[in-house]
Every structure is written in C-alpha cells, then in structure tokens.
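These numbers come from a predicted model, not from an experiment.
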Amino acid sequence: MVGGGGVGGGLLENANPLIYQRSGERPVTAGEEDEQVPDSIDAREIFDLIRSINDPEHPLTLEELNVVEQVRVQVSDPESTVAVAFTPTIPHCSMATLIGLSIKVKLLRSLPQRFKMDVHITPGTHASEHAVNKQLADKERVAAALENTHLLEVVNQCLSAHP
C-alpha cells in the first residue's frame, strides 16, 4: 500500500515491511492466580504490554513488524527498572521517536510509579539513534510532547486496540 495509511497521509517509508508471526499468549500459572503470592513483574509481562501497540504507518502491531521482541526487554522488579530496546523496520525511519514515545506512554500508564523506564533504539539499527534516545530519555521533552494534543492523539491511536 502506498500513501494514505501513515501519519500525515504521505507516502510510506517502508511500503512492504516483513511481517512476523505473533507469539502465543502466555499460560497463566497457579502461582500467578494465587492472590497470596507476590507476583513480580518480568520481561514477558512487559512484552505482553507493548507487543500489541500499533505501528503508526501500517495496520500491524510492533510485534508483527519485529520492532519489539521479548529478548530485548530487561526487567529488575527488586530494583524497579525496565529497559526496552526497539528496532525500527528501516534505518531512516522517521517514526522512531513516535514509536519509542508510544512504548514509554504504555509503560507509564501500566506500571507502578516506582519503576524507572529506559526505552531506546536497539544499538546500530537507526541512523539517528543517539538523537532519538536522547529525546526519549529526557523527562521534560517527553512531558512536553504529551502536552501536544495532536501528538497525544497519534500516540493514543497507536495504543488503541484494533477494531
């Protein structure tokens, strides 16, 4: 599909992306169902939160485009840290900051406030990796971005479930 589908209605940068198989749903264990047992947050739980985020240019999820993978999620519940590396589909993807912002917002809305989040581009996979990572790591810039009503609307579209 060329044109129309992406943010802004322009031509798509990556008109024919590779589509990957979605991983299955994680079976719930007896320990997770037991309300008496403390349930720590792990990499699979974080991956389950972000895998269904919609790509801003394609009617596909970040998991289907292999932008996010469970192996690129690191969690330390005792230290309250989450690190997510994401891989844009092409090295010059202009949507990389928006994708990172969508991941960050999903985590901010889903995790307890005690968690410190690091959302960044997988090293060596994007031409502007350093600049994008700097923006995503800057709390003031993230807060300012989320005050922009148009940008927040686009992020919310990425986070909404497919119809």
* Thr61 vs Val68, side-chain contact (heavy atoms from CB on, under 4.5 Å): CA-CA, chis, key distance, verdict -> CA-CA 9 Å; Thr61 66; Val68 295; over 6 Å; no

* Nearest heavy atoms of Ile41 and Pro112, plus distance in Å -> CD1-CD, 4.0 Å

* With sequence neighbours excluded, residues passing side-chain hydrogen bond (donor to acceptor under 3.5 Å, both in side chains) with Arg72 -> Glu69

* Testing Leu101, Val142, Thr97 for side chain to side chain contact (heavy atoms under 4.5 Å, CB included) with Gln135, which one passes? -> Thr97

* 4.5 Å side-chain heavy-atom contact, Leu146 and Leu152 -> yes

* **Considering all heavy atoms, the nearest Glu63-Phe47 contact** => OE2-CZ, 3.6 Å

* **Reported CD-to-OG1 distance for the pair Glu129 and Thr122, which is rounded to 0.5 angstrom** => 8.5 Å

* How about Asp42 and Asp77: do any of their side-chain heavy atoms sit closer than 4.5 Å? -> no

* **Counterpart residues, side-chain hydrogen bond (donor to acceptor under 3.5 Å, both in side chains), relative to Ser80 (two or more places apart)** => Arg114

* To do: Take Arg44 and Asp48 through the test salt bridge (Lys or Arg N to Asp or Glu O under 4.0 Å) and record every step on the way to the result.
  => CA-CA 6 Å; Arg44 180 58 194 243; Asp48 285 344; 2.9 Å; yes

* Asked: Going through the checks in order, is the side-chain contact (heavy atoms from CB on, under 4.5 Å) test met by Phe86 and Leu62?
  -> CA-CA 9 Å; Phe86 66 99; Leu62 297 185; over 6 Å; no

* Within the side chain of Lys104, is there an N or O that forms a donor-acceptor pair under 3.5 Å with the backbone of Val119? -> no

* **Gap between atom CD of Glu79 and atom NZ of Lys116 - 0.5 Å precision** => 12.0 Å

* Asked: What's the shortest heavy-atom distance between Pro56 and Met95, and which atoms?
  -> CG-CB, 3.9 Å

* Asked: Taking the side chain as C-beta and beyond, is there a heavy-atom pair between Ile99 and Pro88 under 4.5 Å?
  -> no

* To do: Go through the steps to decide whether Leu159 and Arg109 satisfy the test side-chain contact (heavy atoms from CB on, under 4.5 Å), and finish with yes or no.
  => CA-CA 11 Å; Leu159 299 182; Arg109 291 179 180 174; 3.6 Å; yes

* Gap between atom CZ of Arg141 and atom CG of Leu136 - 0.5 Å precision -> 9.5 Å

* Kindly determine whether Leu107 and Phe115 satisfy side-chain contact (heavy atoms from CB on, under 4.5 Å), including the steps that lead there. => CA-CA 9 Å; Leu107 295 176; Phe115 277 90; over 6 Å; no

* Structure fact -> Rounded to the nearest 0.5 Å, the CD1 atom of Ile53 sits from the CG atom of Leu60 at a distance of 14.0 Å

* Structure fact -> Rounding to 0.5 Å, atoms CD (Gln157) and OG (Ser102) come to a distance of 10.0 Å

* At their closest point, which heavy atom of His120 faces which heavy atom of Ala83, and how far apart are they? -> CE1-CB, 4.4 Å

* Look up atom CG in Leu111 and atom CG in Leu49, then write down how far apart they are to the nearest 0.5 Å. => 6.0 Å

